[in-house]
Trainee: 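The structure that follows is given in the form of C-alpha cells.
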Amino acid sequence: MSPLIVLGIDTSCDDTSASVVEKGAKIISNIISNQTEIHKKYGGIVPELASRRHIEMIWPVVDEALQEAGVTFADLSGIAVCHGPGLIGSLLVGCSFAKALCYTKKMPLVAVNHLEGHIFSSFLEDQRPSFPFLALIVSGGHTCLYRVEGFNQYRELGRTRDDAAGEAYDKVSKLLGLGYPGGPIIDNLAKEGNRKAIDFPRAYLPESLDFSFSGLKTAVLHYLKSLIKSKESNSIDNPPIPPLEKGDKGGFTGKMEVEGVKSKRQNLAPGLLYDIAASFQASVVDVLVRKTEWAIKKERIRRLILSGGVAANSELRQRMREMAEERQVEIFIPSVSLCTDNAAMIASAGYHHLKAGNIAGLDLNPKAYLPL
Ligand code: KG4
Ligand code: ZN
C-alpha cells in the first residue's frame, strides 16, 4: 500500500515540532513549540537547556499534532524523524522518541536530513516546483546551494566556509544588544534605515559558489568599536531609545554589547541603529542574490527554491523574486512559517523516503554533522 499519512518530528535545534502530512504535500497539522523565551536572555541557544526542553515538550507536541489532525497512530503509514545535522542533544530527543514509538506501534521509521527537509518545505505549498531546480538553503546553521535533480539526488554547489547567514544575523544582533533571534529584529529595523549608509564588506569569493559571513560580522564589530572610540561622536551619546516596533519582542535594549568594551555600554542613536541594520542586511542580501544568480548562469537552470530561516527575510524574498523575474527563472519561496524550522518539511521528505522503501533501523543514531 502506498504511504499516505506521515508523522514528522523535528528537534534539531531549539524548536520542538511535530506534524501530520498527507501524501508529502498536504499539511493536516503542524505544531511548533518555540524555546525563544528560554534562550533569549543568553543571546543564543544553550544546547543543554534546548535538549531538556525538548524532553518536556516532545509528548505534548506530538499528541497535539495527532489530535489536531484527528488521527491516531493506527492511521499513520510511518514516522519521519530528523536525524541531523543539528545539536546532538536536541536531535537525540526526537530520534529516541521516534524510535520508541516505531518499536511499540510496529511502524516504519524514516530518517530525514534536516537540509533535505528545508528543500521539501517548497512541496507543501499549492505551487510546487518540478525537477530539476536550484535550492538555496539559508538558516542559522547552514548556507548552502544545491542542484536538485530529483528526490534523493542532491549535488552541493557551494556552502559557507565559516558562519551561516542566520548566524551572522544572530551575532550582529547580540553585538547591538538587540536580543535573540536576531534575524527578525534586524529585518524590522532595516526597513527604517539606509542600506547604503555604511559600506560593509561583501565576500563574493569569485570563482566559487561558497559563502563567507564571518568577515562581515567582524566588520560590524570594528565599526561599533570605532564609534565608541571616537569621543567627538555624538551619535552614541543620545538618551536611551524606547523599544521599537509594536511586535518587537526581541528584548530590545538599544545598547551595544561590544566584546571588551561592555563596561562602556553606550546608547546608539535610533537613526544610526536603523542604518547599521540596513547596511548589514544589504551586504548579506547582495551576496546571497548575486551568488544565486551566478549559480543559475553556471548551471543553466531556470527554477529556484529558497528556504531556511533567513528565507523569512523580507528584503531577501523581494530581491530574490526581482532577480528571478529579470532572469526569467521560476521561483518558489515557501510562506514564512514553512521557511523556519518545522516538522511538516520532515514529514514531506519522509513520505518520499517511505515510498522509496528507505526504512531506517531502530539502531538509528543522530549526527550533529550530516552532509546531504
Ligand atoms: O531554519 P531555522 O529556523 O533554523 C536552523 O535550521 O538554523 O533558521 C533560524 C535562523 C536564525 O539565525 C534566525 O535569526 C534567522 O533564521 N531568521 C531570519 C529571519 N527570521 C529568522 N534572518 C533574517 N531575517 C528574518 N526575517
Ligand atoms: Zn533549519
Side-chain angles (χ1 to χ4, degrees), residues 8-17 19 30 32-36 39-40 43-45 47 50 82-87 90-91 94 112-122 135-144 159-160 163-176 178-191 213 216-217 245 247-251 277-278 280-285 287-289 305-320 333-346 348-349 368-370 372:
I9 295 177
D10 187 287
T11 61
S12 57
C13 196
D14 62 337
D15 291 317
T16 317
S17 181
S19 169
N30 189 19
I32 301 168
S33 166
N34 186 278
Q35 301 183 359
T36 305
H39 302 288
K40 80 176 189 193
I45 298 164
C82 167
H83 67 127
L87 298 172
S90 292
L91 289 164
V112 174
N113 183 303
H114 187 75
L115 296 166
E116 183 180 35
H118 275 303
I119 291 174
F120 272 82
S121 60
S122 315
L136 175 67
I137 311 296
V138 255
S139 71
H142 299 90
T143 301
C144 336
R159 60 158 65 204
T160 183
D163 291 355
E167 196 178 347
Y169 267 97
D170 295 335
K171 285 178 175 169
V172 165
S173 176
K174 194 172 180 189
L175 287 177
L176 292 165
L178 293 172
Y180 177 86
I185 304 170
I186 293 183
D187 190 357
N188 262 337
L189 297 179
K191 288 178 186 146
F213 293 103
L216 170 60
K217 169 199 69 192
E245 301 285 327
D248 175 23
K249 298 202 180 78
F280 160 76
Q281 180 161 292
S283 176
V284 175
V285 171
V287 170
L288 291 174
V289 173
I305 72 145
L306 175 64
S307 188
V310 181
N313 185 270
S314 52
E315 186 179 342
L316 180 62
R317 295 169 81 88
Q318 189 191 330
R319 289 275 309 284
M320 211 56 108
I333 311 178
S335 51
V336 166
S337 61
L338 291 176
C339 284
T340 47
D341 285 353
N342 66 87
M345 66 189 199
I346 303 298
S348 174
Y369 176 72
L370 185 67
L372 189 55

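Each ligand, and each atom within it, is numbered from 1 in the order the structure gives. Numbers here simply count residues along the sequence, with the first being 1.
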Trainee: Any idea which part of N313 is under 4.0 Å from ligand 1, heavy-atom wise: side chain, backbone, both or neither?
Mentor: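 Both parts.
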
Trainee: Can any side-chain N or O of T11 pair as donor or acceptor with the backbone N or O of S90 at less than 3.5 Å?
Mentor: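 Yes: the side chain of T11 pairs with the backbone of S90.
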
Trainee: Within a distance under 4.0 Å of any heavy atom of P181, pick out the atoms of ligand 1 and give their elements.
Mentor: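 Going through ligand 1 atom by atom, the ones under 4.0 Å from P181 are 14 (O).
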
Trainee: Can you tell me if an N/O/S atom from H118 lies under 2.8 Å from the Zn ion (ligand 2)?
Mentor: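 Yes, since at least one N, O or S atom of H118 sits under 2.8 Å from the Zn ion (ligand 2).
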
Trainee: For D341, which part has a heavy atom under 4.0 Å from ligand 1: side chain, backbone, both, or neither?
Mentor: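 Under 4.0 Å from ligand 1, D341 contributes backbone and side-chain atoms.
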
Trainee: Mind running side-chain contact (heavy atoms from CB on, under 4.5 Å) on L288 and R319 for me, showing each step along the way?
Mentor: CA-CA 10 Å; L288 291 174; R319 289 275 309 284; over 6 Å; no

Trainee: Within ligand 1, which atoms have a heavy atom of H114 less than 4.0 Å away?
Mentor: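 Those qualifying, in numeric order: 6 (O).
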
Trainee: Pull out every atom of ligand 1 sitting under 4.0 Å from any heavy atom of H118, numbered as shown with elements.
Mentor: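 Reading through ligand 1 atom by atom, the close ones are 1 (O), 6 (O).
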
Trainee: Do R317 and V336 have side chains that get closer than 4.5 Å, going by heavy atoms?
Mentor: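 In contact.
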
Trainee: Under 3.5 Å between any N/O of D187 and any N/O of ligand 1: does that happen in this structure?
Mentor: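 By distance alone, the answer is yes.
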
Trainee: Locate the shortest heavy-atom distance separating P334 from L306; write the atom from each residue and the value.
Mentor: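 Of all heavy-atom pairs spanning P334 and L306, the closest is CD-O, 3.0 Å.
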
Trainee: So if I count the atoms of ligand 1 from 1 in the order they appear, which ones are less than 4.0 Å from some heavy atom of S139?
Mentor: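 Going through ligand 1 atom by atom, the ones under 4.0 Å from S139 are 1 (O), 5 (C), 6 (O), 7 (O), 8 (O).
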
Trainee: Looking only at protein heavy atoms, which one is nearest to atom 13 (C) of ligand 1, and how far off is it?
Mentor: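 For atom 13 (C) of ligand 1, the nearest protein heavy atom comes out as D170 OD1, 3.8 Å.
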
Trainee: For the Zn ion (ligand 2), give me the closest N/O/S atom belonging to D341, just the atom name.
Mentor: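 This turns out to be OD1.
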
Trainee: Tell me which one of A165, A164, S121, G183 gets a heavy atom nearest to atom 25 (C) of ligand 1.
Mentor: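 That would be G183.
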
Trainee: Mark up the atoms of ligand 1 that fall under 4.0 Å of a heavy atom belonging to G166, in ascending order.
Mentor: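 Heavy-atom distances to G166 below 4.0 Å select 12 (O).
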
Trainee: In Å, rounded to the nearest 0.5 Å, how long is the span from CD1 of I186 to CG of D170?
Mentor: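 Atom-to-atom, I186:CD1 and D170:CG are 8.0 Å apart.
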
Trainee: Taking D187 for the side chain and S314 for the main chain, is one N or O donor matched with an acceptor at less than 3.5 Å?
Mentor: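 Looks like yes, one N/O pair under 3.5 Å.
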
Trainee: Among P184, S12, G140, C82, which one has a heavy atom closest to atom 10 (C) of ligand 1?
Mentor: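 Among P184, S12, G140, C82, the closest heavy atom to atom 10 (C) of ligand 1 comes from G140.
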
Trainee: Please check this pair: side chain of S17 against backbone of A343, looking for a donor-acceptor N/O pair closer than 3.5 Å.
Mentor: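 Yes; at least one donor-acceptor contact below 3.5 Å.
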
Trainee: Are the side chain of N34 and the backbone of D15 linked by a donor-acceptor contact shorter than 3.5 Å?
Mentor: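 Absent.
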
Trainee: Considering non-hydrogen atoms of the protein only, which is the closest contact for atom 20 (N) of ligand 1, and what is the distance?
Mentor: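 Ranked first by proximity to atom 20 (N) of ligand 1 is G309 O, 3.5 Å.
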
Trainee: Only N/O/S atoms count here: what is the atom of H114 closest to the Zn ion (ligand 2) called?
Mentor: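 Going by distance to the Zn ion (ligand 2), the closest N, O or S atom in H114 is NE2.
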
Trainee: Of all the atoms in ligand 1, which lie at a distance below 4.0 Å from a heavy atom belonging to A312?
Mentor: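 Taking each heavy atom of A312 in turn, ligand 1 has 20 (N), 26 (N) under 4.0 Å.
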
Trainee: Looking at C13 and I45, what are the two nearest heavy atoms and their distance?
Mentor: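 Of all heavy-atom pairs spanning C13 and I45, the closest is SG-CD1, 3.3 Å.
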
Trainee: Looking at CG of N113 and SG of C82, how far apart are the two atoms once the value is rounded to the nearest 0.5 Å?
Mentor: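 Between N113 CG and C82 SG, I get 7.0 Å after rounding to 0.5 Å.
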
Trainee: Decide yes or no for S307 and I119: does some side-chain heavy atom of the first lie under 4.5 Å from some side-chain heavy atom of the second?
Mentor: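 Heavy-atom side-chain distance check fails, nothing below 4.5 Å.
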
Trainee: Closer than 4.0 angstrom: is that true for some heavy atom of G141 and an atom of ligand 1?
Mentor: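 Yes; G141 lies near enough to ligand 1 that a heavy-atom distance drops under 4.0 Å.
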
